Amino acid sequence: MTIAEKQEEIIEEFEFLEDWLDKYEQIIDKGLANPGVDEAYKIDKYLIEGCQSKVWVHAEYKDGLVYYQGESNTDITGGIVAMLVYILSGHTPQEILDTELYFIDKIGLKEHLSPTRSNGMLAMVNQMKMYALAFKSQEQA
């Protein structure tokens, strides 16, 4: 499944939810269903700076594809990182770098997050793209 198809799948899941409490519940459920991060990566090295909550993101590069793990110590942030992990995992570094994460706007998430959560989400996306950039430069070395 492409990154765009994964984003469309998430948009479809949210389009029938009109109440923001239901949408928050859906986000929280995504986080609860997420396998999270291996305990070995729950260390400061993998913490995302700029997040009010604790968020750990780890990436592995296997057979030309990037695979992420992510987890947070708070429910809504955990759901956000779970969606990002789902959408970006299993793709090439270049696909990840070229991706515009439009699902954030389409499900109304951007306008319903506090400024600190919004900054945290941006920090997660930036870190995930930095991993992809690092793996891409390894390819070219």
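Treat the numbers as computed from the prediction; the structure is a model and nothing was measured.
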Between the main-chain N or O of Lys54 and the side-chain N or O of Asn73, is there a donor-acceptor pair closer than 3.5 Å? yes

Looking at Gln127 and Met124, would you say the former's side chain and the latter's main chain have a donor-acceptor pair under 3.5 Å? no

Mind checking whether Tyr41 and Met130 sit in one hydrophobic cluster, side chains of I, L, V, M, F, W, Y counted as touching below 4.5 Å? no

Give, for atom NZ of Lys136 and atom OG1 of Thr92, the distance between the pair rounded to the nearest 0.5 Å. 9.0 Å

From CD1 (Ile107) to CD1 (Ile10), nearest 0.5 Å: 7.0 Å

Any donor-acceptor N/O pair, Asn34 side chain to Gly79 backbone, under 3.5 Å: no

So CD1 of Ile87 and NZ of Lys6: to nearest 0.5 Å the spacing works out to 8.5 Å

Do Met83 and Ile11 sit in the same hydrophobic cluster, where Ile, Leu, Val, Met, Phe, Trp and Tyr count as joined when their side-chain heavy atoms come under 4.5 Å apart? yes

Hits for side-chain hydrogen bond (donor to acceptor under 3.5 Å, both in side chains) against Asn119, two or more places apart or cross-chain, chain-then-number order -> none

To the nearest 0.5 Å, atom CG of Leu122 lies from atom CZ of Arg117 at 15.5 Å

Return each pair, listed once, that meets side chain to side chain donor-acceptor pair (under 3.5 Å) where at least one residue sits in residues 56-70; pairs must be two or more places apart or across chains. Tyr61-Glu139

Can you measure from CD (Glu12) to NZ (Lys106) and round to the nearest 0.5 angstrom? 12.0 Å

Donor-acceptor pairs are to be reported for all side-chain atoms of residues 42-51 against protein atoms at under 3.5 Å, with residues two or more places apart or in another chain.
| unit_1 | atom_1 | unit_2 | atom_2 | d |
| --- | --- | --- | --- | --- |
| Lys42 | NZ | Glu39 | OE2 | 3.4 |
| Lys42 | NZ | Glu71 | OE2 | 2.7 |

Is there a path from Leu65 to Ile3 through hydrophobic residues (I, L, V, M, F, W, Y) whose side chains come within less than 4.5 Å of each other? no

Looking at side-chain heavy atoms only, is the closest gap between Val57 and Val81 below 4.5 Å? yes

If you take all heavy atoms of Val66 and Pro93, which pair is closest and at what distance? CG2-CG, 3.9 Å

Sequence-distant partners of Thr74, side-chain hydrogen bond (donor to acceptor under 3.5 Å, both in side chains), two or more places apart: Ser53, Ser72, Thr77

Going hydrophobic residue to hydrophobic residue with side-chain gaps under 4.5 angstrom, can you get from Phe135 over to Leu133? no

Residues in side-chain hydrogen bond (donor to acceptor under 3.5 Å, both in side chains) contact with Tyr86, at least two apart in sequence or another chain: Glu9

For residues 19-33, which residue pairs pass the side chain to side chain donor-acceptor pair (under 3.5 Å) check, not counting sequence neighbours? Glu13-Gln26, Glu13-Lys30, Trp20-His112

When rounded to the nearest 0.5 Å, the distance separating NE2 of His91 from CG of Leu97 is 13.0 Å

Is it the case that one hydrophobic cluster holds both Ile27 and Leu32, taking links as side-chain heavy atoms less than 4.5 Å apart, direct or via other members? yes

For Thr99, does its backbone N or O pair with a side-chain atom of Lys129 as donor and acceptor, under 3.5 Å? yes

